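Notes for the one structure printed next.
Just follow the structure's listing: the first ligand is 1, and inside any ligand the first atom is 1. The model shown is predicted, which means the values in this text are computed figures rather than measured ones.
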Amino acid sequence: MTQNLPSFDLKRNYQRVREEILEAVHRVLDSQHFILGPEVAAFEEEAARYLEVPHALGCASGTDALLLSLLALRVGPGDEVITTPYTFFASTSCITRLGATPVFVDVEPDSYNLRMDRVLEALTPRTKAVIPVHLFGQMCRLEEIAPTLKERGVALVEDCAQAFGTLRHLDGGILRAGAVGDLSCFSFFPTKNLGAYGDAGMVASRRDDLADRVRNLRVHGAATTYLHDEVGLNSRLDALQAAILRVRLRHVETWNEERRAVADRYRLLFGQKGLLDVVTPPAEQAGTRHIFHQYVVRARRRDELQAFLGERGITTRVYYPLSLHLQPCFRFLGYQEGAFPVSETLSQETLALPMFPELEVAEQERVVEEIGRFYGRG
Ligand SMILES: *Cc1c(COP(=O)(O)O)cnc(C)c1O
């Protein structure tokens, strides 16, 4: 009986940082300061420095980071927000939650990210914001839309939930995910490439005015205790999670590099096995540093392949099986099947293979071996 191979293995990762984590947790317990406070402020400062943004504000989750950002921009009924149908639910639910209208545009078949030309075509006088998602850890080419959005007074809200540390090299400079938009939203859900040990999130911003608004909105809209300028949320970062994140932030660069090495090896193995006609590895676009939060291939007969691997103890996942414009809760928007063909095709063809920094060469060889066997190339 061979060992089961999970799609990610948090326990292996924990073993590498266990001592540092326990020390951080004890420090917070000894302080008995659990909500916001110095530990959160220290994490915010360290995260802001890493991302090269002036402001980083912890909150309760990535979903709340998106909601806080749209609240800060005063997005509401009558407003349109352009985003992708091929992503996690929260990138869109924050829009409808506020009574605004999501406007979907299709994605690119190789990067799975929003088509920037289509974003520009979809702008109307009612467009209040655009939410590009740096999906699976690859940064969108924001430089293609940022100047136009700025000129037209449309806010750019980056969904960086899967993208801590991705960037683009541009004309000798660097464009970091999270440092381009007016507001940027991070999730530290445990399985994200920078994960906490519970729910956690963050909003980053270049703008003082918007950062001030988020700072108030996360504590019930009260700049001064018990004086409420507006109705906000209770969405704060726990000191325990902040202390854990401070430890993990020190290692995220190494882990991202390890993810990249795992991705390189998959591609090499697919080539060696002669599988590139049936399995398309994720494309890394010119100038982009993909951090492979997920390693998502396109595969022929995807569902059968997934079942075959599952029977052999290899866990894979489908991100995302149903395009958001076809979700029952968004039916009222009136989109039909066929509206976004690339997104719909991807939802039938993509498969996320095991991907985590500690994944071993022998394990990757086993994955590719079994895929080869499925396609009769064993
Ligand atoms: C995980 C995720 C979110 C939501 O983050 P939570 O912390 O789980 O609320 C939002 N957008 C994308 C693209 C995500 O992957």
Side-chain angles (χ1 to χ4, degrees), residues 7-8 10 43 47 56-71 81-98 102 104 107-108 111-114 129-140 142 156-166 177-178 181 183-204 214 218 233-238 240-242 244-245 248 252 256 259 282 290-296 317-325 327 329-330 343 346-347 350 352 355-356:
S7 53
F8 54 85
L10 296 180
F43 170 67
L57 298 161
C59 65
S61 69
T63 302
D64 275 6
L66 286 156
L67 193 57
L68 286 165
S69 294
L70 297 195
L71 279 167
V81 180
I82 299 171
T83 190
T84 163
Y86 186 65
T87 178
F88 180 63
F89 182 70
S91 321
T92 294
S93 61
C94 59
I95 304 168
T96 54
R97 162 86 50 217
L98 296 176
F104 295 118
V107 296
E108 302 174 329
S111 72
Y112 319 142
N113 278 334
L114 264 184
V130 177
I131 308 182
V133 181
H134 306 306
L135 202 68
F136 305 140
Q138 171 148 241
M139 189 172 175
C140 300
L142 296 182
L156 179 57
V157 179
E158 296 178 60
D159 184 338
C160 303
Q162 305 185 1
F164 200 97
T166 185
L183 293 151
S184 300
C185 306
F186 292 85
S187 166
F188 305 123
F189 186 81
T191 58
K192 307 285 178 173
N193 74 303
L194 175 58
Y197 292 165
D199 274 312
M202 186 177 81
V203 178
V214 170
R218 72 176 171 175
L233 308 179
N234 168 10
S235 183
R236 301 166 299 213
L237 181 60
D238 284 0
L240 274 169
Q241 299 305 342
I244 288 163
L245 284 164
R248 297 176 59 76
V252 73
N256 282 346
R259 286 174 183 277
H290 198 320
I291 52 89
F292 295 99
H293 167 60
Q294 299 291 353
Y295 188 83
V296 177
R317 289 172 192 258
V318 173
Y319 304 112
Y320 297 90
L322 187 61
S323 208
L324 290 183
H325 67 286
Q327 290 289 345
C329 66
F330 296 140
S343 177
L346 290 176
S347 63
T350 51
M355 165 55 85
F356 47 94

Mind checking whether H290 and F292 have parallel, tilted or perpendicular rings, split at 30° and 60°? parallel
Is the ring pair F136/Y86 parallel, tilted or perpendicular, if the boundaries are 30 and 60 degrees? perpendicular
With heavy-atom distances below 4.0 Å as the criterion, list the atoms of ligand 1 near [X].
X: V133; answer: 13 (C)
X: T87; answer: 13 (C)
X: S91; answer: 11 (N), 13 (C)

Enter the distance from K192:NZ to H293:NE2 here, rounded to the nearest 0.5 Å. 5.0 Å
May I ask you to identify the nearest protein heavy atom to [atom], giving residue, atom name and distance to one decimal place in Å?
atom: atom 3 (C) of ligand 1; answer: F88 CD2, 3.5 Å
atom: atom 9 (O) of ligand 1; answer: T63 OG1, 2.5 Å
atom: atom 1 (C) of ligand 1; answer: K192 NZ, 1.7 Å
atom: atom 13 (C) of ligand 1; answer: D159 OD2, 3.4 Å

A177 and C160 have their tightest heavy-atom pair at C-SG, 4.1 Å
Can you find an N/O atom of S187 closer than 3.5 Å to an N/O atom of ligand 1? yes
Backbone or side chain, does any N or O of Q162 fall under 3.5 Å from an N or O of ligand 1? yes
Might you work through the side chain to side chain contact (heavy atoms under 4.5 Å, CB included) test for T87 and L324, ending with a clear yes or no? CA-CA 7 Å; T87 178; L324 290 183; 3.6 Å; yes
Polar side-chain atom of T166 near backbone of I291 as donor-acceptor pair, under 3.5 Å: no
Ligand 1 contact on L135 by region, counting heavy-atom pairs under 4.0 Å: neither
Side chain, backbone, both or neither: which part of S61 comes within less than 4.0 Å of ligand 1 when only heavy atoms are counted? both
Mark the output for G201 as yes if a heavy-atom distance to ligand 1 is under 4.0 Å, and as no if none is. no
Compute the ring centroids of Y319 and Y112, then answer whether they are less than 6.0 Å apart. no
Can you confirm if the aromatic rings of F89 and F330 lie within a centre distance of less than 6.0 Å? yes
